[in-house]
Amino acid sequence: MNVLGIETSCDETAAAVVADGRTVLASVVFSQIPLHQPYGGVVPEIASRNHLTHLPRVIESALDQAGLTWAQIDAVAVTYGPGLASSLLVGLSTAKALAMRLQVPLVGINHLEAHVYSPMLSPDGPEFQAVCPLVALMVSGGHTCLVRADGPGRYRRLGWTLDDAAGEAFDKGANLLGLGYPGGPAIDRASEGGDPCYIRFPRGQTHKSAHVSPQASDLCFSFSGLKTALLYYLKAHPCLPGSPPSLASIAASYQEAIVDALVERLRLAVNHEQVKRMAAVGGVSLNRRLREKLKQLAASLKVELLLSQPEYCVDNAAMVAGLAGIGQGISGAAALELDAMPNLEIGR
Ligand code: KG4
Ligand code: ZN
């Protein structure tokens with residue numbers, strides 16, 4: 001079964017064709033990063049206008065690269081949330097029109113569930129049900145949470161962020177350090193050769209929230225204090241060329257605080273849930289220091305670590321088509337009625 005996937009939830013315009021849920025025949029991503037760079041972040045109006053302009057050719061290239069004709073597409077899958085409303089609507093209306101014209105089923109996919117599925121994307125990758133139960137650390141620009149997966153469609157949210165997402169913490173920190181957008185890759189690069197122990201930035205929640213149960217509280221994240229700590233540090237210690245601490249050490253220390261906060265809560269969640277597998281998914285899971293510490297954690301807990309291939313960590317449509325290919329998502333008449341759901345969640 002060949003599924004055409006469409007993803008336009010944020011600033012990537014993406015289309016892919018996936019056979020039988022795991023074999024990626026084509027995955028095309030038009031990244032709008034250069035268009036948003038001058039503004040230091042994603043501008044929703046610019047994102048939706050560019051989805052509108054570029055989505056048709058992105059879909060056609062995916063079909064071309066897969067070497068298929070329209071007649072060989074068996075279903076159209078699309079992200080319907082969470083994300084930017086005006087961007088989601090471009091993908092959703094395009095997918096509805098295509099499904100009707102091709103007379104094939106339409107499948108609505110939750111973007112966060114698609115990220116959790118992304119490590120399965122390879123013909124010899126694991127089967128989703130076979131690696132469950134697992135605890136997934138979902139870390140991207142817009143979302144940060146810990147999810148227990150007991151199988152496709154069976155998720156329970158264990159922890160979440162009370163303020164900024166991990167990717168947002170990278171992006172805001174990089175902005176303060178003058179490293180540009182997107183901040184994650186910039187801080188990852190700038191940290192090279194720096195001392196991660198030079199400054200001890202806060203590792204998240206230092207106070208308990210009244211809105212979160214004590215048990216969930218240990219698994220929840222908070223990154224807004226970290227950004228403020230960096231701001232005050234830079235005010236007190238202006239970074240002068242050639243004088244210590246180097247930019248590399250400040251960036252490495254900031255990165256270390258984010259990574260430690262993520263890894264420590266993942267450790268607690270895996271221990272609490274008594275699972276034998278854990279996964280890290282989303283754009284931030286590309287971070288080299290995070291990957292290193294996740295591998296150490298897996299070895300110390302004696303659990304298997306699942307990571308996506310680099311091209312499926314950031315937003316892409318292969319994960320959308322893949323998840324639909326194993327029978328997940330909203331289909332049938334309900335799919336054609338779907339509206340964009342900017343605040344859609346996972347496992348609540
Ligand atoms: O999953 P994604 O493409 O988009 C969302 O669904 O939000 O993730 C984008 C985020 C950005 O915040 C970016 O700074 C971060 O992933 N990112 C990284 C790295 N590469 C991308 N963060 C840390 N280290 C990286 N190497
Ligand atoms: Zn994403």
Side-chain angles (χ1 to χ4, degrees), residues 5-14 16 27 29-33 36-37 40-42 44 47 78-84 87-88 91 109-119 121 136-145 147 161 164-177 179-192 196 221 223 226-227 251-252 254-263 279-294 307-320 322-323 342-346:
I6 295 175
E7 157 64 47
T8 61
S9 65
C10 191
D11 60 342
E12 269 89 19
T13 314
S27 176
V29 180
F30 168 70
S31 170
Q32 298 183 17
I33 286 176
H36 299 271
Q37 241 153 5
V42 178
V78 63
T79 300
Y80 69 97
L84 302 169
S87 288
L88 288 165
I109 292 289
N110 177 328
H111 180 81
L112 302 177
E113 293 184 14
H115 269 303
V116 173
Y117 183 73
S118 60
L121 285 174
L137 172 69
M138 153 79 233
V139 270
S140 73
H143 301 93
T144 292
C145 57
V147 178
T161 179
D164 293 347
E168 225 174 327
F170 272 108
D171 294 338
K172 289 177 176 172
N175 191 25
L176 292 174
L177 291 168
L179 293 172
Y181 174 84
I187 289 189
D188 197 337
R189 276 193 303 273
S191 301
E192 253 171 68
F221 306 90
F223 292 110
L226 172 61
K227 171 195 66 194
Y254 186 79
Q255 171 175 267
E256 197 74 355
I258 301 176
V259 168
D260 280 354
L262 297 173
V263 171
V281 299
V284 178
S285 71
L286 278 174
N287 185 268
R288 288 176 293 170
R289 185 66 173 155
L290 177 61
R291 288 196 166 218
E292 194 182 318
K293 288 208 152 182
L294 287 172
L307 294 170
S308 325
Q309 291 176 38
E311 63 269 40
Y312 306 134
C313 288
V314 286
D315 287 351
N316 66 89
M319 62 186 191
V320 175
L323 190 56
N343 299 320
L344 189 64
E345 298 193 66
I346 182 171

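Numbering of ligands and ligand atoms starts at 1, following listing order. All figures in this text were calculated on a predicted structure; none of them were measured in a lab.
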Under 3.5 Å: N/O of E168 near N/O of ligand 1: no

Close approach, C10 and ligand 1, non-hydrogen under 4.0 angstrom: no

Which segment of H111 sits under 4.0 Å of ligand 1 when only heavy atoms are counted: side chain

Heavy-atom nearest neighbour of atom 17 (N) of ligand 1 within options G283, A165, C313: G283

Contact atoms of ligand 1, heavy-atom distance to G167 under 4.0 Å: 12 (O)

Atoms of ligand 1, numbered as shown, that sit under 4.0 Å from any heavy atom of V284: 15 (C), 16 (O), 18 (C), 22 (N)

Check: G142 N/O within less than 3.5 Å of ligand 1 N/O: yes

Residue pair N110 / E345: nearest heavy atoms and the distance that separates them: ND2-O, 2.9 Å

Metal-centred angle, the Zn ion (ligand 2) as apex - NE2 of H115, NE2 of H111, 10° resolution: 90°

Residue, atom name and distance, where the atom is the protein heavy atom closest to atom 6 (O) of ligand 1: D315 OD1, 3.1 Å

Contact check: D188 vs ligand 1, nitrogen or oxygen atoms, below 3.5 angstrom: yes

Residue-ligand contact H115/ligand 1, heavy atom below 4.0 Å: yes

Distance-minimising heavy-atom pair for D171 and P182: OD1-C, 3.7 Å

S118 versus S308, side-chain donor and acceptor atoms under 3.5 Å: yes

L262 and L290, any side-chain heavy atoms less than 4.5 Å apart: yes

Pairwise side-chain contact, V281 with L137, heavy-atom cut-off 4.5 Å (strictly under): no

Salt bridge (charged side-chain N to carboxylate O under 4.0 Å, His left out) evaluation trace for K293 with E256: CA-CA 10 Å; K293 288 208 152 182; E256 197 74 355; 2.9 Å; yes

Q255 near ligand 1 by a heavy-atom separation under 4.0 Å: no

N/O/S atom name from D315 that is nearest to the position of the Zn ion (ligand 2): OD1

Side-chain donor-acceptor contact under 3.5 Å, N287 with Q255: yes

N/O separation below 3.5 Å, G184 to ligand 1: yes

Closest approach of L344 to G81 (non-hydrogen atoms, all atoms of both residues): CD2-O, 3.5 Å

Region of D171 that comes within reach of ligand 1 [heavy atoms, distance under 4.0 Å]: side chain

Pair E311, S27: side-chain N/O donor-acceptor within cut-off below 3.5 Å: no

Protein heavy-atom partner closest to atom 24 (N) of ligand 1 - residue, atom, separation in Å: N287 ND2, 3.1 Å

Identity and separation of the nearest protein heavy atom to atom 10 (C) of ligand 1: G141 N, 3.4 Å

Parallel, tilted or perpendicular: rings of F221 and F223 (30°, 60°): parallel

Check against salt bridge (charged side-chain N to carboxylate O under 4.0 Å, His left out), K172 and D164: CA-CA 10 Å; K172 289 177 176 172; D164 293 347; 3.2 Å; yes

